[in-house]
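Numbering starts at 1 and runs along the sequence shown.
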Amino acid sequence: QVQLVESGGGLVQAGGSLRLSCAATRRIFRSYTMGWFRRAPGKEREFVAAIAGTDGSTYCADSVKGRFTISRDNAKNMVYLQMNSLEPEDTAVYYCAAAAAPTIRTREYDYVFWGQGTQVTVSS
């Protein structure tokens with residue numbers, strides 16, 4: 001079992017930056033793909049970004065491409081989401097998740113472990 005704990009959320013003005021962190025309570029195997037999802041008020045949870053466990057390749061949703069960057073540190077059991085040029089539309093609860101798959105996954109059902117989420121609020 002993998003437990004994931006997110007941190008780094010908060011309130012920021014539009015155009016600002018935040019860095020989300022996700023800590024795993026046990027070793028994340030290199031074969032796990034790590035992802036970030038978000039749920040905005042009144043909307044379905046959606047994919048944000050993922051990083052593969054094998055080669056570290058990354059993929060971001062079109063809505064955040066060029067603004068958000070996902071990274072991981074396997075030695076520290078950490079995954080990060082650097083968010084720049086934040087917009088009010090980025091306001092959501094952000095979730096860290098782990099998929100027992102070596103390559104990029106973008107669908108919720110591929111992810112077997114989830115964190116509790118961290119709130120990000122972007123004011124205009």
Side-chain angles (χ1 to χ4, degrees):
Q1 190 80 2
V2 173
Q3 291 184 325
L4 305 173
V5 180
E6 304 95 336
S7 62
L11 174 64
V12 64
Q13 289 188 331
S17 298
L18 281 175
R19 187 195 196 201
L20 304 184
S21 299
C22 173
T25 57
R26 78 169 179 86
R27 181 175 179 174
I28 300 174
F29 294 106
R30 293 185 180 274
S31 60
Y32 275 63
T33 284
M34 301 301 297
W36 286 95
F37 289 76
R38 67 185 182 186
R39 176 179 282 144
K43 295 187 177 180
E44 298 288 322
R45 187 157 57 184
E46 65 176 359
F47 170 80
V48 175
I51 184 166
T54 49
D55 59 5
S57 58
T58 63
Y59 181 77
C60 290
D62 287 343
S63 59
V64 305
K65 201 165 292 184
R67 300 188 297 122
F68 291 12
T69 303
I70 186 171
S71 61
R72 66 190 294 163
D73 186 335
N74 288 341
K76 296 182 179 179
N77 302 333
M78 297 291 294
V79 179
Y80 306 98
L81 185 69
Q82 178 66 44
M83 306 185 296
N84 299 327
S85 302
L86 283 161
E87 304 168 352
E89 293 73 24
D90 295 317
T91 295
V93 177
Y94 284 72
Y95 299 89
C96 176
T103 55
I104 295 290
R105 295 289 187 269
T106 63
R107 299 188 178 186
E108 282 191 53
Y109 60 69
D110 287 321
Y111 288 81
V112 294
F113 301 113
W114 292 83
Q116 293 299 306
T118 185
Q119 176 71 46
V120 172
T121 303
V122 184
S123 63
S124 57

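- Here CZ of R72 is found 9.5 Å from CG of N77. Values are rounded to the nearest 0.5 Å.
- Remark: side-chain polar atoms of T54 are paired, donor with acceptor, to backbone N or O of P102 under 3.5 angstrom.
- Linking Ile, Leu, Val, Met, Phe, Trp and Tyr whenever their side-chain heavy atoms come within less than 4.5 Å leaves V5 and Y94 in two separate clusters.
- Residues V48 and F113 fall within the same hydrophobic cluster, defined by Ile, Leu, Val, Met, Phe, Trp and Tyr side chains chained together at heavy-atom separations under 4.5 Å.
- From Q116, atom CD reaches atom OG1 of T118 across 11.5 Å, with rounding to the nearest 0.5 Å.
- In this structure a side-chain-to-backbone donor-acceptor pair under 3.5 Å is missing from T121 to T91.
- L20 places a side-chain heavy atom less than 4.5 Å from the side chain of V120.
- When all heavy atoms are compared, the tightest approach of L11 to S123 is CD1-CB, 4.3 Å.
- For S57 (side chain) and A52 (main-chain N/O), no donor-acceptor pair under 3.5 Å exists by modelled atom type.
- Rounding to the nearest 0.5 Å gives a distance of 6.0 Å between OG of S7 and CE of M78.
- Residues A92 and Q119 share a closest heavy-atom pair of O-NE2, 3.5 Å.
- Cluster annotation: Y59 is not connected to Y32 through the hydrophobic network of ILVMFWY side chains, with a link wherever side-chain heavy atoms come within less than 4.5 Å.
- V2 and W114 are assigned to two separate hydrophobic clusters, defined by single-linkage of ILVMFWY side chains at heavy-atom distances under 4.5 Å.
- With a 4.5 Å cut-off on side-chain heavy atoms, E46 and R38 count as touching.
- For the pair Y95 and E108, the minimum side-chain heavy-atom distance is 4.5 Å or more.
- Atom NZ of K65 sits in a crowded spot, with more than 12 heavy atoms from other residues, nucleotides or ligands closer than 6.0 Å.
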Would you please test W36 and M83 for side-chain contact (heavy atoms from CB on, under 4.5 Å) and show each step? CA-CA 12 Å; W36 286 95; M83 306 185 296; over 6 Å; no

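- Atom CD of Q3 is surrounded by 12 or fewer heavy atoms from other residues, nucleotides or ligands within 6.0 Å.
- Remark: F68 CZ to L86 CG distance equals 5.0 Å, nearest 0.5 Å.
- The disulfide bond (SG atoms under 2.5 Å apart) analysis of residues 31-63, with sequence neighbours excluded, yields no pairs.
- Applying the ring pair (Phe, Tyr, Trp, His ring centres under 6.0 Å) test to Y111 and every residue at least two apart in sequence or in another chain returns F37.
- From L81, atom CG reaches atom SG of C22 across 10.5 Å, with rounding to the nearest 0.5 Å.
- Remark: the backbone N or O of C96 is paired with a side-chain donor or acceptor of E6 at under 3.5 angstrom.
- Cluster annotation: L18 and L4 are assigned to the same hydrophobic cluster (Ile/Leu/Val/Met/Phe/Trp/Tyr, side-chain heavy-atom contacts under 4.5 Å, transitive).
- Atoms OG and CD, on S124 and E87 in that order, are 12.0 Å from each other to the nearest 0.5 Å.
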